[in-house]
Amino acid sequence: DQQVKQNSPSLSVQEGRISILNCDYTNSMFDYFLWYKKYPAEGPTFLISISSIKDKNEDGRFTVFLNKSAKHLSLHIVPSQPGDSAVYFCAASLTGNQFYFGTGTSLTVIP
Amino acid sequence: DVKVTQSSRYLVKRTGEKVFLECVQDMDHENMFWYRQDPGLGLRLIYFSYDVKMKEKGDIPEGYSVSREKKERFSLILESASTNQTSMYLCASSLWLAGDGEQYFGPGTRLTVT
């Protein structure tokens, strides 16, 4: 059973607007959450992470929010740029040696 | 820059063949991982290794084995390939095993078993 779920397979956003990608998880023991970005024909690349003891982490245009009570996290990209068009994977870590990935959300930023 | 390379981008094999997928990283990372990526299932961990000659099973180890004889190289072996092993295989490495230890991925090998 999927422990990390991304229920939106795709998302389209106008350039300059906010992109919000969502992720839900089931295991309350996850200690870190990470977002990866994947371009076609390339491997995923790390974007941003958040510890389970925090509720927000920001890095430039990217902010991840964690709501532990709802077992939900989201990635906000502001402002969205065409180069952000990619597949975004949410991942959760269990003690650092097991990583669970979601199914990915394909983001298209329209110029 | 960390570089993770995989021996082949595309591979076509027949059912029953023994298949080797090779992965090499150049940043002296302790940890290496093999995942497979399937539509609707995301990335699933097959095996990982935290040191030379050490390995741990991931979520879906059945039908696979691994080898890590040198720190920089991690091989995934399909002992007898089957059609349900047709998939995209991704190798990754990381410096440490903490939860925030970001993983660096190779470009992937698209394996088709006919």
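Just so it is clear, the structure is predicted and the values come from calculations on it, not from any experiment. Here is the naming used below: chain letters follow the sequence lines, and residue numbers restart at 1 for every chain.
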Do Leu76(B) and Tyr35(B) share a hydrophobic cluster (ILVMFWY, side-chain heavy atoms under 4.5 Å, transitive)? no
Find the distance between CZ (Phe101(A)) and CZ (Arg44(B)) and round it off to the nearest 0.5 Å. 13.5 Å
Smallest separation among heavy atoms of Leu43(B) and Pro44(A), with atom names: CD2-CG, 4.3 Å
Among Ala41(A), Gly104(A), Ser52(A), which has the most heavy-atom pairs under 4.5 Å with chain B? Ala41(A)
Pairs flagged by salt bridge (charged side-chain N to carboxylate O under 4.0 Å, His left out) wherever residues 32-51 of chain A is involved - sequence neighbours left out: none
Does one hydrophobic cluster hold both Val19(B) and Leu90(B), with members joined at side-chain heavy-atom distances below 4.5 Å? no
NZ (Lys68(A)) with more than 12 external heavy atoms under 6.0 Å: yes
Before we go on, tell me: are the rings of Phe48(B) and Phe99(A) under 6.0 Å apart, centre to centre? no
Nearest 0.5 Å, what's the CD-CD1 distance between Glu102(B) and Ile48(A)? 11.5 Å
At a heavy-atom separation under 4.5 Å, does Arg9(B) approach chain A through its side chain, its backbone, both, or neither? side chain
Atom CD of Gln103(B) and atom OG1 of Thr45(A): how far apart are they, to the nearest 0.5 Å? 12.5 Å
Let me check something: do Val13(A) and Ile20(A) share a hydrophobic cluster, defined by ILVMFWY side-chain heavy atoms less than 4.5 Å apart, either directly or through other members? no
Do you reckon Leu41(B) sits in the same ILVMFWY cluster as Tyr89(B), going by side-chain contacts under 4.5 Å, direct or chained? no
Treat each ILVMFWY residue as a node, draw an edge where side-chain heavy atoms are under 4.5 Å apart, and state whether Met29(A) and Ile50(A) are in one component. yes
Can you tell if the side chain of Tyr36(A) reaches within under 4.5 Å of the side chain of Phe105(B), non-hydrogen atoms only? yes
Count the heavy-atom pairs under 4.5 Å between each of Glu56(B), Gln37(B), Gln6(B) and chain A, then report the option with the highest count. Gln37(B)
So do the side chains of Asp59(B) and Tyr100(A) get within less than 4.5 Å of each other, counting heavy atoms only? yes
